[in-house]
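Accompanying notes for the structure given below.
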Amino acid sequence: MASIQFASHFLGKNPKKYNPSPIFQSYSLTSSTKLSSCRRQRFLLCSLSMNGCEADHKVPLGTVETRTLLMVPSPAAATERLIKAVSDLKSQPPSFSSGIVRLQVPIEEQIGAIDWLHAQNEGLPRSFFSRRSDAGRPDLLQDFSSDNGSSDCNPVSVAGIGSAVYFRHLDPFTHDDWRSIRRFLSSKSPLIRAYGGLRFDPNGKIAVEWEHFGSFYFTVPQVEFDEFGGSSMLAATVAWDNELSCTLENAIEALQETMLQVSSIIMRLRRESLGVSVVSKNHVPSEGAYDPAVSNALEIIKDKNSPLSKVVLARSSRVITDTDIDPIAWLARLQCEGQDAYQFCLQPPGAPAFIGNTPERLFHRKHLGVCSEALAATRPRGDSMVREMEIERDLLTSAKDDLEFSIVRENIREKLKTICDRVFVEPQKSVRKLARVQHLYSQLAGELRKEDDEFGILAALHPTPAVCGCPVEEARLLIERIESFDRGMYAGPIGFFGGGESEFAVGIRSALVEKGLGALIYAGTGIVSGSNPSSEWNELELKISQFTKSLEHEPALHPIN
């Protein structure tokens, strides 16, 4: 099989050419960040398909193409049509030594991508990304982008199983890694996308639970289900590169094996209950340890010789349940109150599932336009319209919250100026309302100098002060010293690279779901001058409530308009 041939090739004959400029150039690399050679080999040998990072990124693929078949009425008919199309591709293969081909079948009926994913074999690698609804907010990208007829209608949600090609390594994400991904993308095939994410701190020591994710992990799914507003689409993608000992024949055989496991019997997920009970809950740090950590951070912030104005301190909460949590069912439960948020699931082969329901966009790039946003300061929602207005007024007039928010907004504005010719902010400050919480919010947009260098966008924007602090390096060093757990991809960029556009959310309001071990739920709060330790702890509880309440069978909340 291609996976065995490739694993041998990866370990022996084609070592990675390292780029000396990782995405965080200011981070210092220490010996403690390196995994043992045994763990490194175990990481590499779990590969199930072609690692695109190992090819020469300067050599273009022979072909990048999308073939659209006739529309069918149901997923079952789409599966049958795709199986035949893959067989035809095998009998009449393209005459290229490398390439990527997407075969797609439109479906008349709109079916939830998350419902389709829940019906599939949970032993396969899985990915899911649902875009946020931005209804009621200005689209600041309109002035910078035009489709020029090259872009398909954008999916509402995308679910994938298997991996046509993946991109993963233990070392920090570099410009060469990004170019390796870009090699498989084209504006003429806009729905060929690499879904995945990066660690919050690429040079931090990788904990066991995050080992399979590496420093970064992206995948182009073998089989993908796209949900549109009114219709659906089933697609199969095959990628090959003879340089990597992954031939087209082997790649098609692997795809056929995955296609045989595709289920066309789809039942809408029940959102009412997960059918589990919480046995125990343990926080790292505990409340007793968190209070002095906040006090310590405040002392540093108040020191006139310290440049630090904000640091985000996070918490990991281990929840043990009486039976395993179904990560897709949990994500569907969260989706009920997440209309104004991104939902995602990322699960490499043999790994836990990293799921999230995050309100925060890192960036959306479309042609030369790029937009980001500032989101900071937190309040609960009110139980009545009068109470809601009181809380909103308090949030808008709070000096402490205005400081926290202004630090985030101005930092993002300055970072966008390094890659854009002009930057707009609209509005300067407003309130963003979610089902359980509300935040201060502002949208920022700019015109890129170069359309294709998304590595520069990531390098400029991540991590934002909203999840790290300001200045970033000072805040990161303090986080490294204070926090006693591995954030992994919590607070890291999660999303997709595409030929026509790319979009990344910030991986907050997230959890790592492990078989037999329950889940780790993550949350953080921004510490600035005026912060109070007990108030910050209460904010952590509020932020994870959407996860804990859904386990405790509480009905989903919907925002008060």
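- Between Phe128 and Ile355, every side-chain heavy-atom pair lies at or beyond the 4.5 Å cut-off.
- Under 4.0 Å is where a charged nitrogen must lie from a carboxylate oxygen, and between Glu209 and Arg318 no such pair does.
- For residues 511-530, the ring-ring contact (aromatic ring centres under 6.0 Å, His included) pairs, not counting sequence neighbours, are Tyr490-Tyr522.
- Checked for salt-bridge contact, Arg379 and Glu539 miss the test: no charged N lies under 4.0 Å from a carboxylate O.
- Using a 4.5 Å cut-off on side-chain heavy atoms (C-beta onward), Gln222 and Ile161 make no contact.
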**OP:** Any chance you could lay out the side chain to side chain contact (heavy atoms under 4.5 Å, CB included) test for Arg432 and Leu440, step after step, and finish with the verdict?
**Re:** CA-CA 6 Å; Arg432 173 95 173 275; Leu440 293 177; over 6 Å; no
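- With ring centers used as reference points, Tyr342 lies under 6.0 Å from Phe129.
- At a threshold of 4.0 Å, the pair Glu410-Arg413 counts as salt-bridged, since one of the basic side-chain nitrogens sits closer than that to a carboxylate oxygen.
- Minimum heavy-atom separation, Leu334 to Asn357: O-ND2, 3.8 Å.
- By the 4.5 Å heavy-atom criterion applied to side chains, Arg315 and Glu287 are not counted as neighbours.
- Checked against the 6.0 Å centroid threshold, Phe455 and Trp178 do not count as a close aromatic pair.
- Ring centroids of Tyr166 and Phe218 are separated by 6.0 Å or more, keeping the two rings apart.
- When ring centroids are compared, Phe504 and Phe496 stay outside the 6.0 Å threshold.
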Subject >> Check against salt bridge (Lys or Arg N to Asp or Glu O under 4.0 Å), Arg193 and Glu224 >> reply: CA-CA 10 Å; Arg193 295 170 171 177; Glu224 178 180 303; over 6 Å; no
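- The pair Glu536-Lys400 meets the salt-bridge criterion, since a charged nitrogen lies less than 4.0 angstrom from a carboxylate oxygen.
- Under the 4.5 Å side-chain criterion, counting only non-hydrogen atoms from C-beta, Gln443 is not in contact with Val425.
- Scanning both residues, Gly507 and Phe354, for their nearest heavy atoms gives O-CZ, 4.0 Å.
- The closest side-chain heavy-atom distance from Leu403 to Ile407 is below 4.5 Å.
- A salt bridge links Lys433 with Glu388: the distance from a Lys NZ or Arg NE/NH1/NH2 to an Asp or Glu carboxylate oxygen falls below 4.0 Å.
- Side-chain N or O atoms of Ser49 include one that pairs as donor or acceptor with a backbone N or O of Ser163 at under 3.5 Å.
- Taking all atoms of both residues into account, the shortest heavy-atom contact from Phe167 to Ala194 is CE1-CB, 4.5 Å.
- Side-chain atoms of Leu124 and Gln261, non-hydrogen and from C-beta on, do get closer than 4.5 Å to each other.
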Original post:
Could you walk me through whether Glu54 and His169 pass the side chain to side chain contact (heavy atoms under 4.5 Å, CB included) check?
Top reply: CA-CA 10 Å; Glu54 300 312 307; His169 212 275; 3.9 Å; yes
Tabulate below the donor-acceptor pairs under 3.5 Å that side-chain atoms of residues 294-303 make, not counting sequence neighbours, or state none.
from: Ser295; atom 1: OG; to: Asp291; atom 2: O; distance (Å): 3.1
from: Asp303; atom 1: OD1; to: Asn305; atom 2: N; distance (Å): 2.9

**OP:** Show your reasoning for whether side chain to side chain contact (heavy atoms under 4.5 Å, CB included) applies to Val165 and Thr219.
**Re:** CA-CA 6 Å; Val165 56; Thr219 179; over 6 Å; no
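- When all heavy atoms are compared, the tightest approach of His462 to Arg199 is NE2-O, 3.8 Å.
- Thr525 places a side-chain heavy atom less than 4.5 Å from the side chain of Ile527.
- Salt bridge annotation for Lys205-Asp486: absent, with no cationic side-chain nitrogen under 4.0 angstrom from a carboxylate oxygen.
- The side-chain heavy atoms of Leu512 and Trp210, taken from C-beta on, include a pair separated by under 4.5 Å.
- Although no hydrogens or angles enter the test, the distance criterion places a donor-acceptor pair under 3.5 Å between the side chain of Lys310 and the main chain of Pro465.
- Pairing each heavy atom of Pro348 with each of Arg168, the nearest pair is CB-NH1, 3.9 Å.
- Applying the ring pair (Phe, Tyr, Trp, His ring centres under 6.0 Å) test to His439 and every residue at least two apart in sequence or in another chain returns nothing.
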